Amino acid sequence: MTATETFADQLKNATWNDHEEAERTAYLDALMGGRVSREGYADMVAQHYYAYVALEAAGRALADDPVASPFVSRELERVPSLEVDLEELYGTNWRDEITPSKPTLTYVARINQIADWPGGFIAHHYTRYLGDLSGGQVIRKLVERAYNFETSAGVAFYLFPDIPDLKEFKVDYRNRLNSLNLDEVQAKRVIAETALAYQLNTEVLVEIGKRLPEYLVA
Ligand code: HEM
């Protein structure tokens with residue numbers, strides 16, 4: 001860490017290799033290449049659902065926590081939009097159609113395990129939401145093109161109608177990270193948890209990737 005590096009910079013730089021690993025999974029590579037069927041895309045949406053249910057429950061439980069509360073914002077909540085997408089992708093009885101994979105259950109268990117540690121919650125919060133506001137927007141464009149949904153149902157997860165300026169929101173989010181004023185030990189713990197959050201996400205994607213032979217379209 002250099003003297004001028006903020007915590008937000010430090011967090012990003014220290015975990016960017018983990019980001020690359022997630023981004024380079026065979027599944028995301030195929031998805032970004034427009035080679036995944038609608039069914040294969042739906043699988044990722046379903047796995048997201050379980051993780052966000054856990055993450056957003058943890059957020060609600062920490063809503064009055066002085067450290068975590070600045071990160072908990074209603075505009076970010078993804079469960080309602082995931083429900084819209086799942087209904088579009090699986091039909092009205094989507095709840096009976098989806099199942100969490102083993103890596104998803106492991107990821108959810110970790111979110112639940114750290115739910116009373118504000119720093120750990122922030123690590124998982126950052127990994128998902130800042131990603132959805134960044135690379136997620138690239139994924140959205142590809143998904144819109146690949147599946148031609150008639151309305152936003154199907155890609156609602158990637159839309160943040162209550163955040164007027166995503167770029168500004170991300171700048172503000174990084175300021176919130178910097179305002180945590182973590183000491184070195186705390187900062188290291190949050191960085192390590194973020195690396196773990198990436199790894200758990202990667203494992204979820206690797207598992208979906210095992211079904212690529214079924215999901216690949218010509
Ligand atoms: C096709 C897949 C992906 C692409 C193309 C992608 C691309 C990007 C891009 C372009 C940025 C912005 C970098 C910047 O502002 O300098 C970003 C940031 C980010 N992405 Fe991804 N990403 C992908 C997958 C993921 C996944 C799977 C996760 C998490 C599980 C993730 C988490 C993040 C996070 C947390 C940031 C914010 C980094 C920071 O500014 O601190 N991304 N991504």
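The chain is numbered in sequence order, starting from 1. Just follow the structure's listing: the first ligand is 1, and inside any ligand the first atom is 1. Nothing here was measured: the structure is a model prediction, and the numbers come from that model. Both backbone and side-chain heavy atoms feed into the values below; hydrogens, waters and symmetry mates do not.
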Non-neighbouring partners of Phe160 that pass ring pair (Phe, Tyr, Trp, His ring centres under 6.0 Å), sequence neighbours left out: none

CD (Glu20) with more than 12 external heavy atoms under 6.0 Å: yes

Atom pairs and distances, ligand 1 N/O vs protein N/O under 3.5 Å:
residue: ligand 1; atom: 16 (O); partner: Lys12; partner atom: NZ; Å: 2.5
residue: ligand 1; atom: 20 (N); partner: His19; partner atom: NE2; Å: 2.9
residue: ligand 1; atom: 22 (N); partner: His19; partner atom: NE2; Å: 2.9
residue: ligand 1; atom: 40 (O); partner: Arg174; partner atom: NH2; Å: 2.3
residue: ligand 1; atom: 41 (O); partner: Tyr126; partner atom: OH; Å: 2.5
residue: ligand 1; atom: 42 (N); partner: His19; partner atom: NE2; Å: 2.9
residue: ligand 1; atom: 43 (N); partner: His19; partner atom: NE2; Å: 3.0

Within 6.0 Å of CG in Asp64, more than 12 heavy atoms from elsewhere: no

Evaluation steps, salt bridge (Lys or Arg N to Asp or Glu O under 4.0 Å), between Glu144 and Arg140: CA-CA 6 Å; Glu144 277 171 348; Arg140 172 176 64 85; 3.4 Å; yes

side-chain contact (heavy atoms from CB on, under 4.5 Å), paired with Glu56, selected from Arg74, Glu77, His125: Glu77

side-chain contact (heavy atoms from CB on, under 4.5 Å) between Asp132 and Gln137, intermediate numbers included: CA-CA 7 Å; Asp132 300 333; Gln137 299 307 303; 5.6 Å; no

